Student: 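Here it is: the structure, laid out below.
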Number of protein chains: 2
Amino acid sequence: MDGRRSAARRGADGRAGRDGQAVPSATVGRLPGYLRALEATAAAGAVLTSSDELAERAGVTPAQLRKDLSYLGSYGRRGVGYDVAHLREQVTVALGLADVRRVLLVGVGNLGHALANYAGIAERGFVLVGLVDADPAVVGTTVAGLVVEPADDLAAVVARTGATIAVLTTPAAVAQQVCDALVAAGVVGVLTFAPCALRVPPHVDVRAVDVASELQILAFHDRARSAGGGAS
Amino acid sequence: MDGRRSAARRGADGRAGRDGQAVPSATVGRLPGYLRALEATAAAGAVLTSSDELAERAGVTPAQLRKDLSYLGSYGRRGVGYDVAHLREQVTVALGLADVRRVLLVGVGNLGHALANYAGIAERGFVLVGLVDADPAVVGTTVAGLVVEPADDLAAVVARTGATIAVLTTPAAVAQQVCDALVAAGVVGVLTFAPCALRVPPHVDVRAVDVASELQILAFHDRARSAGGGAS
DNA sequence: TAGATTGTTAATCGATTAACAATC
DNA sequence: TAGATTGTTAATCGATTAACAATC
């Protein structure tokens, strides 16, 4: 309101919070956790909460939580705390979950099948609008209430459904070409489970989940523990 | 060999690379990607490679790759490049994959079932040694060649199998108590898919994968794109 | 008013980048 | 030798932390 920060420092990528400041990507990565913490707090019947309580639930420090929330705006009251419903609404808006996002899943194998049936997706602001697979044996079957469509129709499915986000659970060997097709069709966010790096244009966002890599990172620490063990 | 850096700067957590320096956690997080890149290079038949080629495959810059590898040691030759087989061996050792790590999976639902059958786990230095579930209808069934054991036997299963790493795919409501039991039984690394923060003692490492959170992060950028769109 | 709790500042810390000397 | 490419340095950048003034 006071306009002192009106010379907006906007990030190169245009990810702007209140007042036009960019929200740091590390902060963006923690917002879903804060939203979960707020939902749990609301479910417990609380109307007010504090940075201490939310931080405890989210597994961060109170200082970090307050700093992160400050990039979105000033939604608490000093000496009082945060209104649970109001803050929840603000974080929801900040994350772009005020509108439902349409998600397309490509690759209906073991993992794709499990993800298509994962209730958490629908419960948290998304709607699965399409399933695509290259295997003729899978095409035409119904999974999670949707009929699997052929990979050749990928562009048409994106156009028809208006999907902006895709989940990629294909073999690594075809991940890049499927990703290219998704991007060409207009998808701007890709969540990939394929164990390979994906190249995308700057306007597209990729998040990669690789189960084996996560295990390897755990193995690193396990090794360090065994090898270093004992003295200190 | 020259001992100049023998006044080892060891990280507080004891995660030491060559010469006792700690390997930064950001670097550790990229090592699995480098290992994948090396495997792809080896599969293509190359004996020598360069930071340019590896970085391209891993999706990072050559400077970052060289910096990361420098924390492990000096395994390249100036003016020449890296020996693929040798570097692969060194990264494997650094990640603690020289010995096979035993993995226990808790929660054999949709997702747990898919992960148990995921070939990538066995292919990358791990062996699945046990499956545990609380549902009497699931206990006793065979999945991925293993008989599912009851949750009450969790400690005994950890002891019998010698598992040091656990994959947690239970409902969020029981994730913390299962995690506590795993830690009490001696597990030192947990990969959780439950959408909630887990509290563990300092000697235990947790990696959290939350599909809905990943989608929400993509939604943030999608929103920023629509809202900010147009000018510039 | 006194106590509580936020939002912000400033200091610290860690990660990334670019350039280049070392060296094959 | 000349060209190539690493390993390292130093500068920059971004993230975290701690303290506290603002304010309810």
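Small disclaimer: the values here were computed from a predicted structure and weren't measured. These values consider heavy atoms only, across backbone and side chains, with no hydrogens, waters or symmetry-generated copies. Chain naming here is simple, since letters A, B, ... match the order of the sequence lines and numbering starts at 1 in each.
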Student: Could you state the atom-to-atom distance from OH of B:Tyr82 to C1' of D:dA4 in whole Å?
Tutor: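 After rounding, the reported distance stands at 13 Å.
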Student: Want to settle it: does B:Arg77 or A:Arg77 sit nearer the 5' end of DNA chain D, counting the closest nucleotide to each?
Tutor: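 Per heavy-atom nearest nucleotide, the more 5' residue is B:Arg77.
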Student: Specify the separation, in whole Å, of atom CG of B:Leu69 and atom C1' of D:dT6.
Tutor: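 So the two atoms are 10 Å apart, to the nearest Å.
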Student: What nucleotide among C:dT8, C:dT16, D:dG7 has an atom nearest to a side-chain atom of B:Ala26?
Tutor: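 Output: C:dT16.
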Student: Run the side-chain contact (heavy atoms from CB on, under 4.5 Å) test against A:Ala98 and tell me which residues pass, sequence neighbours left out.
Tutor: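 Applying side-chain contact (heavy atoms from CB on, under 4.5 Å) to A:Ala98 gives A:Val93.
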Student: C:dT16 phosphate, OP1 or OP2: any side-chain N/O from B:Thr27 under 4.0 angstrom?
Tutor: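 False: B:Thr27 side-chain N/O out of range (4.0 Å or more) of C:dT16 OP1/OP2.
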Student: Using a cut-off of strictly less than 4.0 Å, decide whether A:Tyr71 has a side-chain nitrogen or oxygen near OP1 or OP2 of D:dG14.
Tutor: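 Result: no.
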Student: Determine the minimum heavy-atom distance between A:Ser213 and B:Arg36, stating which atoms define it.
Tutor: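 Distance-wise, the nearest heavy atoms are OG-NH1, 3.7 Å.
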Student: Of the non-hydrogen atoms in B:Gly107 and B:Thr169, which two are nearest, and what is the gap between them?
Tutor: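 For B:Gly107 versus B:Thr169, the nearest heavy atoms are O-OG1, 2.5 Å.
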Student: Which whole-number value in Å describes the distance from A:Asp68 CG to D:dT16 C1'?
Tutor: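 Rounding to the nearest Å, CG of A:Asp68 and C1' of D:dT16 are 10 Å apart.
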Student: Can you list everything that forms a side chain to side chain donor-acceptor pair (under 3.5 Å) with A:Ser50? Sequence neighbours excluded, please.
Tutor: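 Residues passing side chain to side chain donor-acceptor pair (under 3.5 Å) with A:Ser50: none at all.
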Student: Closest approach to the side chain of A:Pro24, judged atom by atom: which nucleotide of D:dG7, C:dG7, D:dA15 is it?
Tutor: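 Within the option list, the nearest is D:dA15.
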Student: Atom CG of B:Leu87 to atom P of D:dT5: distance rounded to whole Å?
Tutor: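 Spelled out: CG on B:Leu87 to P on D:dT5 is 16 Å.
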Student: Closest heavy-atom contact between B:Ala46 and B:Val84?
Tutor: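 For B:Ala46 and B:Val84, the tightest heavy-atom pair comes out as O-CG2, 3.6 Å.
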Student: Quick one: closest heavy-atom pair of B:Pro201 and B:Val183, and the distance?
Tutor: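 In this case the closest contact between B:Pro201 and B:Val183 is CG-CG1, 3.7 Å.
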Student: Under a 3.5 Å distance rule, please check whether B:Arg101 uses its side chain to pair with a backbone N or O of B:Thr164 as donor and acceptor.
Tutor: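 Flag not set: sc B:Arg101 to bb B:Thr164 has no pair under 3.5 Å.
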Student: Among residues two or more places apart or on two chains, list those pairs meeting side-chain hydrogen bond (donor to acceptor under 3.5 Å, both in side chains) that have a residue in residues 170-194 of chain A.
Tutor: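 Counting only pairs at least two positions apart or across chains, the side-chain hydrogen bond (donor to acceptor under 3.5 Å, both in side chains) contacts touching residues 170-194 of chain A are A:Gln176-A:Asp180.
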Student: Which stems, defined as runs of 3 or more consecutive Watson-Crick or G-U wobble pairs with both pairing distances under 3.5 Å, involve DNA chain C?
Tutor: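 If one scans DNA chain C for consecutive Watson-Crick or G-U pairs, the stems found are C:3-24 with D:3-24.
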Student: Please determine whether a side-chain nitrogen of the Lys or Arg among A:Glu56 and B:Arg199 lies less than 4.0 Å from a carboxylate oxygen of the Asp or Glu.
Tutor: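 A salt bridge links A:Glu56 with B:Arg199.
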Student: Output the residues of residues 46-60 of chain B in contact with DNA chain D, where contact means a heavy atom of the residue under 4.0 Å from an atom of the strand; sort by number or write none.
Tutor: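 Heavy-atom cutoff 4.0 Å gives B:Ser50, B:Ser51.
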Student: Which pair of non-hydrogen atoms, one from B:Ser51 and one from B:Tyr82, has the smallest distance, and what is that distance?
Tutor: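 Between these two residues, the closest heavy atoms are N-CE1, 3.8 Å.
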Student: If a protein heavy atom is under 4.0 Å from the base, mark B; if only from the sugar-phosphate, S; if neither, -; do that for nucleotides 17-22 of chain D going 5' to 3'.
Tutor: BBB-BB
Student: Is B:Arg88 reaching over with its side chain to a backbone N or O of B:Leu38, donor-acceptor style, under 3.5 angstrom?
Tutor: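 It does not hold such a pair.
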